[in-house]
Every structure is written in structure tokens, then in C-alpha cells.
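Taking it in order: structure first as C-alpha cells, then the write-up.
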Amino acid sequence: MATLTSTITEAVTINGKALGNTITNSVTSVNNVYQTVLSIKTASAVNIISFGSSGSEAMGTVDDGDLKYIRVTNLDSSNFVSLSFNVGSDASKLKLAAGDSFVYFLDQVDAGGGSIAQIDSIRAQADTAECNVEVFIGY
């Protein structure tokens, strides 16, 4: 089993004072990695990852509870992509601006009322023009 290391660094100088931090997160027990660049169209949302029951074998499908890390980066220089986190018939959306990344370490969300729900899929749809996104998944 491997350890995946993710490092985020912020650096800014305001009024001559350097501010920021470096956060390193080590994720243990990563057995598999899936990395790809996908062309995301405007016509309709497409799955970038699905979660299924134990033994799922389809490309881009991870067994429920196995996700350790996901990063989605919008490689476009001017257009945004909407990410949709789907739980049953409910969905929450996130705008991923040009050049931005989304990083998450779980495959579950707070469903309200203290309950946790398993994400069924994460989908992406370009807004104005086709965009490439890079997907990196550790599980």
C-alpha cells in the first residue's frame, strides 16, 4: 500500500509582509490511482467518477468507501465547469473557474439532520465552451 502526499502552498505579499502557509496531507492505504484528462462539453453533464457497491469494475467507478483523494482541475484558461455531486435524486453544484482545482478526501457528504450520505457520482458540465479537466483519484 502506498502513501499519497498532497501539498498546498499559499504565498502573498501585502504591504511588504509575506503571508501564507504550506499544508501537507499524507493519505495512507492508497492501492490504486486513476489519472486522466477529460473533454467536458456544454450539452450535458458527464460522469467523471461514480461510486458503486463492492467489486465495481467499470473504469471511473470506485467502490463505496474506498475513495481517499480526488482532485479535479479545470485546465481551461477562460471558461468555467460546473461540478455536480449527486446523491440519489439530489445534487449540489460547485463552480470550478478556469485554472481552479477542487480537492476532496471523502466520498460522502452531510445530508442534513446529522446523517451522512454516500455520493453516487460526480458529474461535470462546461458552461460556455468545451473545457478539458484533469481528474486524479487515489483509492
Side-chain angles (χ1 to χ4, degrees):
M1 289 187 215
T3 298
L4 183 147
T5 302
S6 172
T7 304
I8 298 172
T9 301
E10 299 99 7
V12 63
T13 301
I14 298 177
N15 295 326
K17 182 172 180 174
L19 301 165
N21 202 357
T22 297
I23 305 296
T24 301
N25 192 350
S26 296
V27 181
T28 59
S29 303
V30 173
N31 297 311
N32 299 288
V33 167
Y34 173 71
Q35 182 176 7
T36 190
V37 173
L38 300 170
S39 178
I40 306 299
K41 312 249 189 275
T42 60
S44 61
V46 296
N47 273 1
I48 59 172
I49 183 172
S50 295
F51 299 96
S53 58
S54 183
S56 301
E57 299 297 329
M59 182 63 74
T61 300
V62 174
D63 287 351
D64 289 343
D66 283 356
L67 183 76
K68 308 280 192 239
Y69 174 89
I70 182 169
R71 176 185 50 81
V72 180
T73 299
N74 181 353
L75 301 175
D76 199 82
S77 62
S78 58
N79 298 297
F80 75 86
V81 171
S82 292
L83 296 181
S84 174
F85 301 83
N86 303 288
V87 177
S89 61
D90 295 327
S92 295
K93 289 189 175 182
L94 171 81
K95 180 179 176 179
L96 190 61
D100 284 356
S101 293
F102 174 80
V103 176
Y104 199 58
F105 294 89
L106 296 171
D107 59 358
Q108 298 176 336
V109 293
D110 184 341
S115 64
I116 301 298
Q118 173 67 45
I119 298 172
D120 295 322
S121 64
I122 300 174
R123 298 173 61 80
Q125 183 173 2
D127 178 64
T128 307
E130 185 175 315
C131 298
N132 286 334
V133 298
E134 181 178 41
V135 180
F136 185 98
I137 300 168
Y139 60 103

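Values reported hereafter were calculated over all heavy atoms of this structure, with side chains retained and with hydrogens, waters and symmetry mates removed.
- Of the inter-residue distances, the one linking T3 atom OG1 with K68 atom NZ reads 11.0 Å to the nearest 0.5 angstrom.
- T36 is listed as a side-chain neighbour of Y34, based on a closest heavy-atom distance under 4.5 Å.
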Run the side-chain donor-acceptor check on residues 91-116: report pairs under 3.5 Å with partners two or more places apart or on a different chain.
unit_1 : atom_1 : unit_2 : atom_2 : d
S101   : OG     : T73    : OG1    : 2.6
Y104   : OH     : Q108   : O      : 2.7
D107   : OD2    : G65    : N      : 2.7
D107   : OD2    : Q118   : NE2    : 3.3
D110   : OD1    : G112   : N      : 2.7
S115   : OG     : G112   : O      : 3.0

Please tabulate, for the side chains in residues 37-47, all donor-acceptor contacts under 3.5 angstrom to protein atoms that are two or more places apart in sequence or on a different chain.
unit_1 : atom_1 : unit_2 : atom_2 : d
S39    : OG     : E130   : OE2    : 2.4
K41    : NZ     : E130   : OE1    : 3.3
N47    : OD1    : R123   : NH1    : 2.8
N47    : ND2    : S50    : OG     : 2.8

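- Rounded to the nearest 0.5 Å, atoms CD1 (I122) and CG (L67) are 7.0 Å apart.
- Note that CG of D127 is 3.0 Å distant from CZ of F80, once rounded to the nearest 0.5 Å.
- Counting heavy atoms from C-beta outward, L83 and V72 have side chains that approach closer than 4.5 Å.
- Rounding to the nearest 0.5 Å places CG of D66 at 12.0 Å from OG1 of T61.
- The minimum heavy-atom distance between N74 and C131, with the atom names listed, is OD1-CB, 4.0 Å.
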Which atom pairs, one a donor and one an acceptor, fall under 3.5 Å between side chains of residues 12-26 and the rest of the protein, sequence neighbours left out?
unit_1 : atom_1 : unit_2 : atom_2 : d
T22    : OG1    : T9     : OG1    : 3.2

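- With rounding to the nearest 0.5 Å, the separation of OH in Y69 from OG1 in T5 is 10.0 Å.
- Heavy-atom minimum distance, V30 versus G138: CG1-CA, 4.1 Å.
- The nearest pair of heavy atoms linking F51 to S121 is CD1-N, 4.2 Å.
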